[in-house]
Amino acid sequence: MEDFLLYREFLFHNFIVSIDTMKSYDHKKIDAYWQDKWQSDSLYKTSELPQGKKIYVLDMFPYPSGEGLHVGHPKGYIATDIYSRFKRMNGYDVLHPMGWDAFGLPAEQFALKHKIHPRIAVENNIANFKNQLSHIGLDYDWSREINTTDPTFYKWTQWIFTKLYEKGLAYESHKPINWCPSCKTGLANEDVNHDGTCERCDTKVEKKPIRQWVLKITDYADRMLTDLDTLEWPEGVKLAQKNWIGRSEGAEFDFSLTDVKDHTDGSMSVKVFTTRADTLFGATFIAISADTAREWFNAGWETIDGVKEYVIETLEEQNKENDYSVVPEKTGVYSGINAINPATGEKIPVWIANYVLGGVGTGAIMAVPAHDERDFEFAKKYNLPVKQVISPETGVVQTNPEFRKSIVAILWDKKQNKFLSINWGKNLGGNLFIGGGVDGDEDSIICATREIKEETGYTHIRYLSKTEVIHHNYFAHSKNVGRRIEAVGLLFELIDDTQEEVSLEENEKNKFTTEWLSKQEVESKIEDALHALVYTMLVKEEIYTGDGTLISSGEHDGITSDEARNRFVEKYSGKKVIKYKMEDWVFARQRYWGEPFPVVRDNNGKVYMVDESELPVLLPEVKSYEPTGTGESPLAAITDWVNVRGYITNKGTFKQSNDGEIFTRETNTMPQWAGSSWYYLRFADPHNDAALISPEIEKNWLPVDVYVGGDHATRHLIYARFWHKFLYDIRVVSTTEPFSRLEFLGFILAEDGRKMSKRLGNVINPDDVINEYGADTFRVYEMFMAPFDQTVAWSTTSIKGADKFIDRVYSLQKKISETSTVSNMLHKTIKKVGEDIEKFKFNTAISQMMILVNAMEEGSFTHEEYSTLVTLLAPFAPHMTEQIWNELGNTTSIHKVSWPLYDESLLVEDSTTISLQINGKLRGTFVVPFGSDDSTVLEEAKILESYKKYVGELKPKKVIIIKNRLINIVI
RNA sequence: GCCGGGGUGGCGGAAUGGUAGACGCGCACGACUCAAAAUCGUGUAUCGUAAGGUGUGUGGGUUCAAGUCCCACCCCCGGCACCA
């Protein structure tokens, strides 16, 4: 009641203004009034522990850039706001926090440009962001705000690093890494664009050997892969992670080398990695990368003429690599060395080839041109032998099959470039080539020649080529038996069209017709897997790269690819190996604005972690935080910070002491991804000095139930999963995954369809929009403009629709009456809005409410029904609905009201419109009572003019009636 | 090339195999107004005066009925890319 009186007083002072603006209500006053009131009432304060059902709704926390917010930024925040308000109204305790990801390069670059300290810049930017956000009416509990640059926060980032080190998951490396010459820092692979440029500044990234801290994320690759299945994430993201992790199961084999001149590395063998160990007998040459060749040179190898030049040239070429979209032409050179295939004992040449890459596998491959496209392309170019060792397998393998031998013959008319096909009709397999069974030991060419003559009469033909045996499995329905066919495919050329009388019986002849098909027709009409494969191999001259049965593999003929992969590793001294495309995480940056490593070294360079009791290691103030570009961080110049006296505790950690030895601090800083890899935990327990998070709080609030943000499929979402799993292993968290459900948001583009940027001058500032239309209109429009996950351009005209809607809902207040025409529509709306919010389908939820409002405007509705509408709209338009709620005489906040329930019985309408179809075409509609039985519907339909016109006295062949929907009469 | 996602009016977009284009913008006309804005009303896929025909990227198919299911292809967006 107090609120109500307060509001009356407020109206008295301000209402005149709103009449002037010709709007039903004055959003500026109302927005501010309620935002202040919610704030002073602590409406959104989250309790320390959830009392009942909990839900943790999280936005990807923003990077507080100097540019401020544009209208695209709040889209996700509005969605989580709606979702969390909805959940709160459904009786959940909601954790919905916000914070700042403020370390990292952009903040530092902004600071450098504007000549202010990054800490000050970050403070200003956060203040600006917070001010902009505050106008939107979001329900964050700001008492839980966190900031990754706050020492009380990064203390725990450092703590996690010391734990990673303890568990052997952090190590130093001098391997060449990605170096951005413009940002003057090392980068993780994840920070490098597809085209080899820096993700931040688009400068060409170089390889540079720098001492680096690296995290062993590859140790978690398998778990990260398998646990993907447990996540309610968009399939695309899961797939992207799967590809990024890039697990491949294979084997390594040693090929011993012969004819090596002065190769002093002593091993005299080359190690290859393959995922196709089953094709070992088909390895007809070895190909090594230019990198591997260089290593051999360094080890003292003297080679034949031209090889060294080729290697140098290739290395140069590969370092350029600007255009990633074009696969370069394969080149190579014979090295003069030969290798022994461990399976066949044969001597095969070793080539150096540009398509073999140094960083992949072992940098050397066994080339199997018969079963690998790249090897095949290379072998064709350099005339290297192709040896098929896998017999293709088509169809579905049958149990207890009948064995048969057969041929598939393709007759080619070169002049017309057409292929002879037999059309058996739809039910007998459609178009095939010529097929037939082999009699006993009959030669396949003779057999095929005979079949062609028998079935088509052509006799003047020339044999061209044939395949190895293909195994084809199918179920012969006519004989009710599974079959396994050993087929040979053959290609013949038609010399002339001399044709004999087809020797088959008349009734046999009538079963099929012969047709000449063009290439295009063949590809669309020949559906049979075996016949299509024969065509692919003989006409298109493609190789078979799938699994199958072994042939030409000595004693192993007849076993499957799977069996061979296991057997060959044992038999030929191979080793099973699992490789990942993902590499360990380069975790150091040579910049100022990041978390310092809690690491010191003694004068022998031995590394110690700073003792937990002395964390955080504070980022020191520094005069110049410009990058040095030497691979050293600016911190290295601060000698009285770098040099620190102390001692090593019996735990092996470092503690400061003025009379101790001198140690030197690590001067690299952590990458921006460090803080964001665990921040979501801290929101649940933001002020805990003693622990990263209290176990009780962790158990009650975590994991994040719904995580909303932009597409970070392969970086943030990989790193956070890795750290979370590690924290699970050291018992800091009790779940194996951090984010149960993930919802991506589509971006908002500028009205011109381009990205919003200051440079293009097309930025739309939410402050301006809110000023003109109010926060509620802004919120409703952003949610209504397109499906949530879809990118869409801003429209300064379309927003008027949302504005009108808000205004009309407010105006409806005047129409409250004692009667109702909308009860059915209202209950449908309650159902749909609830279901849609749950699924993040905000656009259709709003559209349903618009439909209801239209119906209310046309008909009549009660006070209670109006209250229900306002309640449904409350999560979307919190200010206006709170205002109405208050004006309706309620004394508590609408945001504490229970979500309305729908009445199943009221979802049903009294009557329903049936559409009349005649032969599937719409010919009219009519209304019948809901639930009318079929005969009633038919009788009603017969009354229609269109029924009389189209059906008349004709007898319908068939009448299909879909209850409450339609009647279709087939005549 | 491979893997995702998508292709529906002038625009953003709706459609459990069952009236395609809900809802909104825009546009046109009308009401109110001296006038405009705002607001309200009516109309708005397309061809046709009409009856009716045609329409969800293209071509086939399944079905009484296809935007929706199946096959082939084209185009757009995103990711990966000589990964052995």
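These values consider heavy atoms only, across backbone and side chains, with no hydrogens, waters or symmetry-generated copies. Keep in mind that this is a model prediction, so the values were computed, not measured. We name chains A, B, ... by the order of the sequence lines, and we start the count at 1 in each one.
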- Query: CD1 of A/Ile245 versus C1' of B/rC3: gap in Å, rounded?
  - Reply: 15 Å
- Query: Hey, are A/Glu377 and A/Lys330 close enough for a salt bridge, meaning a charged N less than 4.0 Å from a carboxylate O?
  - Reply: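 Salt bridge: yes.
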- Task: Run the salt-bridge test on A/Arg754 and A/Asp752 with the 4.0 Å N-O cut-off and return the result as yes or no.
- Result: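 Looking at A/Arg754 and A/Asp752, the cut-off is met.
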Identify which nucleotide among [options] has an atom closest to any side-chain atom of [X], counting heavy atoms from C-beta outward.
{"X": "A/Lys804", "options": "B/rU19, B/rC25, B/rC83", "answer": "B/rC25"}
{"X": "A/Thr925", "options": "B/rG12, B/rC23, B/rU19", "answer": "B/rU19"}
{"X": "A/Thr844", "options": "B/rA15, B/rG12, B/rU19", "answer": "B/rA15"}
{"X": "A/Pro328", "options": "B/rC82, B/rA22, B/rC25", "answer": "B/rC82"}
{"X": "A/Arg965", "options": "B/rC40, B/rA84, B/rG18", "answer": "B/rG18"}
{"X": "A/Tyr355", "options": "B/rA15, B/rC82, B/rU19", "answer": "B/rC82"}
{"X": "A/Lys581", "options": "B/rG12, B/rA84, B/rC83", "answer": "B/rC83"}
{"X": "A/Leu239", "options": "B/rG24, B/rC3, B/rC80", "answer": "B/rC3"}
{"X": "A/Ile960", "options": "B/rC64, B/rC25, B/rA84", "answer": "B/rC64"}

- Does A/Lys330 get its side chain close enough to the base of B/rC82, under 3.5 Å, for a donor-acceptor pair? yes
- Message: Taking the nucleotide of RNA chain B with the nearest heavy atom to each, does A/Ala364 or A/Pro787 sit closer to the 5' end?
- Response: A/Pro787
- Query: Start at the 5' end of RNA chain B and walk down; is the nucleotide closest to A/Asn843 or to A/Glu235 reached first?
  - Reply: A/Glu235
Interatomic distance at [atom1], [N] relative to [M], whole Å:
{"N": "B/rG17", "M": "B/rC23", "atom1": "C1'", "value": "24 Å"}
{"N": "B/rU16", "M": "B/rG43", "atom1": "C1'", "value": "32 Å"}
{"N": "B/rA84", "M": "B/rG7", "atom1": "P", "value": "33 Å"}

- Residue that, paired with A/Asp934, satisfies side-chain contact (heavy atoms from CB on, under 4.5 Å) out of A/Val959, A/Ile960, A/Ile961: A/Ile961
- Identified side-chain contact (heavy atoms from CB on, under 4.5 Å) counterpart of A/Ser915 within the set A/Asn968, A/Leu966, A/Ile962: A/Leu966
- Item | Parallel, tilted or perpendicular, as decided by the 30° and 60° cut-offs, for the rings of A/Phe840 and A/Phe788 | perpendicular
Do the side-chain N or O atoms of [X] get closer than 4.0 angstrom to the phosphate oxygens (OP1, OP2) of [N]?
{"X": "A/Lys958", "N": "B/rC64", "result": "yes"}
{"X": "A/Lys242", "N": "B/rG4", "result": "no"}
{"X": "A/Asn354", "N": "B/rC82", "result": "no"}
{"X": "A/Ser248", "N": "B/rA84", "result": "yes"}

- Message: Set out, in order, the CA-CA distance, both residues' side-chain angles and the distance that settles salt bridge (Lys or Arg N to Asp or Glu O under 4.0 Å) for A/Lys576 and A/Glu249, then state yes or no.
- Response: CA-CA 8 Å; A/Lys576 284 208 163 179; A/Glu249 226 170 293; 5.6 Å; no
- Given A/Arg565, which of A/Thr275, A/Thr274, A/Asp547, A/Thr279 fulfils the side chain to side chain donor-acceptor pair (under 3.5 Å) condition? A/Asp547
- Message: Could you tell me the Watson-Crick or G-U partner of B/rA45, where both distances fall under 3.5 Å? Say none if there is no partner.
- Response: B/rU54
Set out, line by line, the N/O atom pairs under 3.5 Å between protein and nucleotides 76-79 of chain B.
none

- Query: Glycosidic conformation of B/rG78, syn or anti, with 90° from 0 as the boundary?
  - Reply: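 With its glycosidic angle more than 90° from zero, B/rG78 counts as anti.
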- Message: For A/Phe784 and A/Phe805: C-alpha separation, side-chain torsions, deciding distance, then whether ring pair (Phe, Tyr, Trp, His ring centres under 6.0 Å) applies.
- Response: CA-CA 11 Å; A/Phe784 181 66; A/Phe805 170 64; 8.2 Å; no
- Item | Check: A/Val853 main-chain N/O paired with A/Arg808 side-chain donor or acceptor under 3.5 Å |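 The answer is no, because no donor-acceptor pair under 3.5 Å joins these two groups.
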- Message: Between A/Phe378 and A/Tyr355, does the ring pair (Phe, Tyr, Trp, His ring centres under 6.0 Å) criterion hold? Intermediate values first, please.
- Response: CA-CA 9 Å; A/Phe378 191 82; A/Tyr355 76 99; 5.3 Å; yes
- Note on the structure: Reading nucleotides 52-60 of chain B from 5' to 3' and marking B where a protein heavy atom lies under 4.0 Å of the base, S where only the sugar-phosphate is that close, and - otherwise, the string is SSS------
